[in-house]
Number of protein chains: 2
Amino acid sequence: MAMPSAPRLTQTKCSDCPIRHRAVCAQCEPAELEDLERIKSYRTYTPGETIAWAGERLSLVGSVVQGIALLSSTLPDGRRQMVGLLFPSDFLGRPGRDTISHDVTAATQVTFCMFQKVEFERLIARTPKIQRRLLEMTFDELDAARDWMLLLGRKTAREKIASLFVIMARRDSALNSRPADQGLRFPLYITREAMADYLGLTIETVSRQISALKREGLFRLEENRVVHIADFARLLEEAGDDSDGGVLI
Amino acid sequence: MAMPSAPRLTQTKCSDCPIRHRAVCAQCEPAELEDLERIKSYRTYTPGETIAWAGERLSLVGSVVQGIALLSSTLPDGRRQMVGLLFPSDFLGRPGRDTISHDVTAATQVTFCMFQKVEFERLIARTPKIQRRLLEMTFDELDAARDWMLLLGRKTAREKIASLFVIMARRDSALNSRPADQGLRFPLYITREAMADYLGLTIETVSRQISALKREGLFRLEENRVVHIADFARLLEEAGDDSDGGVLI
DNA sequence: GCAGCAGTTTGATCCTGATCAAGGAAGGCC
DNA sequence: GGCCTTCCTTGATCAGGATCAAACTGCTGC
């Protein structure tokens with residue numbers, strides 16, 4: 001394991017945990033935060049590792065602290081569609097259900113901050129604010145899923161790639177608390193295969209479209225980072241995105 | 001207005017309201033139910049009518065009592081994707097947001113049971129059970145959206161049609177409290193255009209695929225009802241559905 | 001150094017679903 | 001009845017993305 005990353009993972013402090021300051025508990029009282037503290041634990045997965053299979057019993061819920069996890073559905077014949085892309089602070093799991101309905105895999109090295117589901121359920125039953133926060137987060141996920149449906153059903157391959165880049169740029173800048181509209185440099189954390197599964201395309205089409213956009217000078221790639229987008233507004237346009245580009249997700 | 005339907009709409013009783021016995025308040029105490037009673041009102045829309053535009057301020061939330069409503073997203077150039085199909089008991093609106101992010105239209109004559117959003121928010125703030133119920137419903141919607149993403153991204157036109165029919169059969173049988181696995185007869189409440197928007201296809205492809213499945217003897221159409229599916233299991237298979245067919249949605 | 005491998009790119013060809021176009025069916029209205 | 005309009009079906013052709021195939025890149029291990 002590489003030296004620089006290991007300590008950061010094992011030393012993750014409560015103050016680094018997105019559960020505390022970004023996700024579930026953004027407006028909690030100190031007492032409620034302590035309740036959360038007591039029942040949490042961390043777990044790290046390696047890139048490519050399966051975190052859970054669809055249909056599996058899952059007695060944990062939690063959220064991503066660091067890294068990227070993927071949610072996907074698979075047809076009996078193996079065709080696969082990604083249905084969720086979990087960045088730090090995103091929540092995984094369903095209070096009130098004992099099985100998970102999608103495959104969960106680690107795209108990068110990923111660390112979760114997890115709670116025993118029964119304990120978490122007890123907690124939200126007596127802490128409406130946490131439940132409320134969870135409802136807000138689920139609404140956000142539903143909105144994202146619906147935008148994603150528009151992408152899958154109606155956008156061309158070229159537009160899909162542009163949209164993916166815009167999404168990645170925004171999520172990355174949210175992660176680093178930078179404004180998104182410059183979009184000068186952000187990493188493509190995921191493989192071509194994951195992009196294809198995200199976009200409902202084949203890896204060949206993903207590769208070809210990225211090459212085409214590069215040829216047209218929209219950006220360069222440097223060690224899997226998208227660099228120097230000449231005209232971020234034009235990429236937004238290609239993505240068919242009519243929201244104003246400055247707003248973070 | 002046709003005689004048989006008008007009285008049923010205007011006379012909708014609390015006991016007929018899905019908010020009460022199916023949706024938001026499935027496990028509420030009588031006192032909580034009375035709180036809901038006091039702040040609700042009904043509104044009916046005609047087929048094709050726009051209920052709300054994307055981006056509009058919306059001070060109401062509510063759920064469908066009767067009929068079907070459609071949620072859809074539109075690209076700047078007019079390409080449209082349906083992102084939600086609201087049957088009776090389905091909830092519309094977001095406590096905590098003042099704008100709606102999708103177009104809402106009436107597919108059939110549709111009646112909503114609505115609450116002033118501010119009042120509903122006050123109610124859920126002091127009634128965690130209702131909030132909990134809303135969270136469960138939102139989880140269900142998110143699951144449905146993710147299955148839908150698999151359909152849009154990875155299924156063929158033929159499989160899309162089969163999936164649509166399976167979904168319609170299940171939702172219709174849930175509506176009428178019948179087991180879904182026979183699927184002998186159910187209406188296609190929506191037009192070919194709505195089907196195309198649901199499935200990410202054109203109306204021509206929808207029409208052709210339905211004709212092809214008919215030719216193969218999977219079903220007949222009688223006044224826009226799907227009749228006598230020879231082998232519901234085969235349709236499930238075409239839909240790539242590996243859940244057991246007897247379970248209602 | 002080089003073999004082996006996973007991930008990626010590029011090329012050639014095919015096929016599914018889109019597009020363009022024309023007709024048919026059913027209902028409403030005069 | 002006849003003429004709209006709306007919705008649906010069918011046909012001919014096209015094109016975007018899938019498929020099949022091969023080569024390239026960067027890494028790891030020896």
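Each chain gets a letter, A, B and so on, in the order the sequences are listed, and its residues count up from 1.
- For A:Arg192 (side chain) and A:Ile203 (main-chain N/O), no donor-acceptor pair under 3.5 Å exists by modelled atom type.
- Rounded to whole Å, the distance from CD1 on A:Ile210 to P on D:dT25 is 18 Å.
- Qualifying ring pair (Phe, Tyr, Trp, His ring centres under 6.0 Å) partners for B:Phe139, counting only residues two or more places apart in sequence or in other chains: none.
- Remark: A:Arg208 engages A:Glu204 in a side-chain contact (heavy atoms from CB on, under 4.5 Å) (not counting sequence neighbours).
- Reading DNA chain C from its 5' end, the first and the last nucleotide to sit under 4.0 Å from a heavy atom of chain A are C:dT8 to C:dA12.
- Residues that satisfy the side-chain hydrogen bond (donor to acceptor under 3.5 Å, both in side chains) test with B:Glu159, not counting sequence neighbours, are A:Arg79, B:Thr156.
- Residue B:Ser207 is in base contact, counting any heavy-atom pair closer than 4.0 Å across all strands shown.
- Partners of B:Ser41 under the side-chain contact (heavy atoms from CB on, under 4.5 Å) rule, at least two apart in sequence or in another chain, are B:Met114.
- Among residues two or more places apart in sequence or in another chain, the salt bridge (Lys or Arg N to Asp or Glu O under 4.0 Å) test is passed with A:Asp143 by B:Arg94, B:Arg97.
- Put simply, CG on B:Leu188 is 16 Å from P on D:dC7, counting in whole angstrom units.
- For B:Glu223, there are no salt bridge (Lys or Arg N to Asp or Glu O under 4.0 Å) partners, not counting sequence neighbours.
- For residues 61-75 of chain B, no pair satisfies salt bridge (Lys or Arg N to Asp or Glu O under 4.0 Å), with sequence neighbours left out.
- For the pair B:Asp197 CG and D:dC8 P, the computed distance is 12 Å after rounding to whole Å.
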Exercise. Let me have a per-nucleotide readout for nucleotides 14-21 of chain D, 5' to 3', with B, S or -, counting only protein heavy atoms under 4.0 Å.
Key: ---SSBB-
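- Within 4.0 Å of B:Thr191, counting heavy atoms only, lie sugar-phosphate atoms of the nucleic acid but no base atom.
- At its two ends the helix from C:dG1-D:dC30 to C:dC30-D:dG1 runs along axes set 30° apart, each axis drawn from five pairs and the angle rounded to 10°.
- Side-chain contact of B:Asp172 with B:Tyr189: a donor-acceptor pair under 3.5 Å is present, judged by distance alone.
- Partners of B:Arg215 under the salt bridge (Lys or Arg N to Asp or Glu O under 4.0 Å) rule, at least two apart in sequence or in another chain, do not exist in this structure.
- By the salt bridge (Lys or Arg N to Asp or Glu O under 4.0 Å) test, A:Arg80 is found to be paired with A:Glu193, A:Asp197, residues two or more places apart in sequence or in another chain being considered.
- Between B:Arg215 atom CZ and D:dT9 atom P the separation is 12 Å, expressed in whole Å.
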